[in-house]
Participant: 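For reference, the structure I am asking about is given below.
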Number of protein chains: 2
Amino acid sequence: METSTVSTAQRLMRAFMRLNRVAWHQNPIAGHTLSEIKVLFCVKHGARADSPGMKVSEISRILDVTSPTVTQLLKGLEEDGLVTRRIDRTDRRAVVITLTEKGDMVTKEAVGDFLASFERLIDYLGEEQSNQLADLLSKVFHYYDENGANVSHSLWRGVVEV
Amino acid sequence: METSTVSTAQRLMRAFMRLNRVAWHQNPIAGHTLSEIKVLFCVKHGARADSPGMKVSEISRILDVTSPTVTQLLKGLEEDGLVTRRIDRTDRRAVVITLTEKGDMVTKEAVGDFLASFERLIDYLGEEQSNQLADLLSKVFHYYDENGANVSHSLWRGVVEV
DNA sequence: TCTAAATTATTAGCTAATCTAAGTATATTC
DNA sequence: GAATATACTTAGATTAGCTAATAATTTAGA
């Protein structure tokens, strides 16, 4: 049991070590970075009929990055004419982001191409195993969400003096 | 089938989008970055009894990063006294990296703590599902290895003009 | 009601982890 | 022996984040 757990742990460790190197992580898409595309996705999907657009704070919460990070990404997107900023009428501190027509088109294309890319992966893995993988990854996230969960956590603090 | 494939694709897309944000990715370990630790792992495991130490080019190939990246990481590790550089006797262009005693200790601790961390995840997922996950991820890597495989690949080149 | 505290977003400046391009030194090949 | 190729380093850039400090506005409390 001990032995088998260790070797499973090794396999998982190796797998997770490789993950951040998987191809699409580093490639710009339609002249925009992956992070920028994520913001576009977020604005497109988060917006509701009654109040179109998303506040910076909402984007920040959903993407789980700080608001300065969102601000910085929006700067690029606004310069390229993909989003517009507007001060919220009911709370003048807040800024509401909406997609321009161009932004909407780019987002649609990006979603389409991402899905197409994952569909090719699904063709390779098969529908069933793909779903299994999605399930397992969800569980992993759930675990990390619940456990604050750094490798380092309690383990490493204070071990700086080796 | 089409519908179900799309929704599987969406699930996988969301999962992979979250992956690079999983906790341990960003945290320094024993005062060293994850990348530096990877180099240490690599030198420790790559070294063979007959020729201890690893060349920069070997590390570069194994970790799948460029040699300037390796050089830079080694700079930090050398400054902290974890590795030593030495010119290869049989090829004076090459540089052989070996762990110092301190480097060996740090590496051992890092391996131990990483494995411990993954064993906690395995406790949560269960042995069987953990192995399943490792298997599925291996398949994913295999797919991407075979297919050159960016999202963008043929799709995006030339689409910069939207 | 007016001040103190909280919230929202931005700016400035930092770090990590990569990359490419260019340069130097050494090997290899023809 | 000259041309080419290989191994590494340096310099400088990019992406994706972060924290700290600041400005503007809102909310709460006395």
Side-chain angles (χ1 to χ4, degrees), chain A residues 17-40 42 53-80 83-97 150 152, chain B residues 17-40 42 53-80 83-97 150 152:
Chain A
M17 287 281 190
R18 269 205 58 180
L19 269 176
N20 43 343
R21 313 259 333 115
V22 163
W24 48 275
H25 267 257
Q26 2 276 105
N27 304 91
I29 291 164
H32 300 279
T33 65
L34 183 55
S35 299
E36 286 174 336
I37 298 288
K38 281 185 191 173
V39 171
L40 294 176
C42 182
M54 296 273 285
K55 293 180 185 170
V56 171
S57 54
E58 292 172 326
I59 299 171
S60 162
R61 185 173 33 74
I62 291 174
L63 296 184
D64 191 29
V65 296
T66 60
S67 51
T69 299
V70 175
T71 295
Q72 188 199 310
L73 292 170
L74 288 173
K75 202 180 139 203
L77 291 170
E78 194 179 25
E79 275 164 13
D80 292 337
V83 301
T84 53
R85 282 175 153 100
R86 151 171 66 76
I87 288 174
D88 188 272
R89 258 158 295 171
T90 68
D91 182 346
R92 298 170 45 73
R93 294 167 304 181
V95 170
V96 176
I97 308 303
N150 306 335
S152 351
Chain B
M17 287 280 190
R18 270 205 56 180
L19 270 175
N20 43 342
R21 313 253 337 112
V22 161
W24 49 273
H25 266 256
Q26 1 276 103
N27 304 92
I29 291 164
H32 300 278
T33 65
L34 183 55
S35 299
E36 286 174 338
I37 298 288
K38 281 184 191 174
V39 170
L40 293 176
C42 182
M54 294 274 283
K55 292 181 187 169
V56 170
S57 52
E58 292 172 325
I59 299 173
S60 162
R61 186 173 32 75
I62 291 174
L63 297 184
D64 192 28
V65 295
T66 60
S67 52
T69 300
V70 175
T71 295
Q72 190 201 307
L73 292 170
L74 288 173
K75 201 181 140 203
L77 291 170
E78 193 177 27
E79 274 165 13
D80 292 336
V83 301
T84 52
R85 280 176 153 98
R86 151 172 65 76
I87 288 173
D88 189 271
R89 258 158 295 172
T90 67
D91 183 347
R92 297 171 45 74
R93 294 167 304 178
V95 171
V96 176
I97 309 302
N150 306 334
S152 350

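Please read these numbers as outputs of a predicted model, since none were measured by experiment. Letters A, B, ... mirror the listed sequences (proteins, then strands); counts begin at 1.
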Participant: What does the list of N/O pairs under 3.5 Å between the protein and nucleotides 5-7 of chain C look like, with a distance for each?
Facilitator:
unit_1	atom_1	unit_2	atom_2	d
C:dT7	O2	A:R93	NH1	2.9

Participant: Please give, in whole Å, the distance from D:dT15 P to A:L74 CG?
Facilitator: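 Between P of D:dT15 and CG of A:L74: 16 Å.
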
Participant: Which residue in the set A:V39, A:L77, A:L73 passes side chain to side chain contact (heavy atoms under 4.5 Å, CB included) when paired with A:V83?
Facilitator: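 Considering A:V39, A:L77, A:L73, a side chain to side chain contact (heavy atoms under 4.5 Å, CB included) with A:V83 is found only for A:L77.
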
Participant: What integer distance in Å separates A:M54:CE from C:dA9:P?
Facilitator: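 So the CE-P distance, A:M54 to C:dA9, works out to 11 Å.
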
Participant: A:E58 or B:L73: which one's nearest nucleotide on DNA chain C is closer to the 5' end?
Facilitator: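 Nearer the 5' end of the strand: A:E58.
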
Participant: Would you say C:dA17 has OP1 or OP2 under 4.0 Å from some side-chain N or O of B:T33?
Facilitator: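 Yes, B:T33 has a side-chain N/O under 4.0 Å of OP1/OP2 on C:dA17.
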
Participant: May I ask you to verify if any side-chain N or O of B:R85 is less than 4.0 angstrom from the OP1 or OP2 atom of D:dC8?
Facilitator: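 The answer is no; no side-chain N or O of B:R85 sits under 4.0 Å from OP1 or OP2.
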
Participant: Within the 4.5 Å heavy-atom criterion, are A:I97 and A:R85 side-chain neighbours or not?
Facilitator: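 A:I97 vs A:R85: side chains touch.
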
Participant: To the nearest Å, give me how far apart CD1 (A:I87) and C1' (D:dT26) are.
Facilitator: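 Those two atoms, CD1 and C1', are 14 Å apart.
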
Participant: Let me have the donor-acceptor pairs involving side chains of residues 53-66 of chain A, under 3.5 Å, with sequence neighbours excluded, atom names and distances please.
Facilitator:
unit_1	atom_1	unit_2	atom_2	d
A:E58	OE1	A:K55	N	2.8
A:S60	OG	A:V65	O	2.6
A:T66	OG1	A:T69	OG1	3.1

Participant: Rounded to whole Å, please give me the gap between NZ in A:K38 and C1' in D:dT15.
Facilitator: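 The distance from NZ of A:K38 to C1' of D:dT15 comes to 12 Å, rounded to the nearest Å.
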
Participant: In this structure, how many angstroms lie between the P atom of D:dT15 and the CD1 atom of A:I37, rounded?
Facilitator: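 Going from A:I37 (CD1) to D:dT15 (P), I get 13 Å.
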
Participant: Of all the choices, D:dC8, C:dT8, D:dT25, which nucleotide is nearest to the side chain of B:V95 once you look at every atom?
Facilitator: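 Nearest listed nucleotide: D:dC8.
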
Participant: What is the separation between atom CZ on A:R18 and atom P on C:dT18, rounded to the nearest whole Å?
Facilitator: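 It works out to 13 Å between those atoms.
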
Participant: Does the side chain of B:T71 get closer than 4.0 angstrom to OP1 or OP2 of D:dT10 through an N or O atom?
Facilitator: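 Answer no for this pair, as no side-chain N or O of B:T71 is under 4.0 Å from OP1 or OP2.
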
Participant: Starting from P on D:dA7, measure out to CD1 on B:I59 and report it in whole angstrom.
Facilitator: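 My rounded result for the distance is 14 Å.
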
Participant: Using nucleotides 18-21 of chain D, report all nitrogen or oxygen pairs with the protein that are shorter than 3.5 Å.
Facilitator:
unit_1	atom_1	unit_2	atom_2	d
D:dC18	OP2	A:T66	N	2.9
D:dC18	OP2	A:T66	OG1	2.9
D:dC18	OP2	A:T69	OG1	2.8

Participant: Can you tell me if A:S35 touches the phosphate of D:dA16, counting only side-chain N or O atoms and a distance under 4.0 Å to OP1 or OP2?
Facilitator: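 The answer is yes; a side-chain N or O of A:S35 sits under 4.0 Å from OP1 or OP2.
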
Participant: Going from CD on B:Q72 to CD on B:E36, what distance comes out if it is rounded to the nearest 0.5 angstrom?
Facilitator: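 Output value for this atom pair is 9.0 Å.
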
Participant: Closest heavy-atom contact between B:D88 and B:D91?
Facilitator: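 Looking at all heavy atoms of both residues, the closest pair is OD1-N, 2.9 Å.
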
Participant: In this structure, how many angstroms lie between the P atom of C:dC19 and the CG atom of A:L34, rounded?
Facilitator: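 Going from A:L34 (CG) to C:dC19 (P), I get 16 Å.
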
Participant: Both A:T90 and B:K55 contact DNA chain D. Which one's nearest nucleotide lies toward the 5' end?
Facilitator: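 Checking each residue's closest nucleotide, the 5'-ward one belongs to B:K55.
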
Participant: Name the residue closer to the 5' end of DNA chain D, choosing between A:E36 and A:D88 according to the nucleotide with the nearest heavy atom.
Facilitator: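 Its nearest nucleotide lies further toward 5', so the answer is A:E36.
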
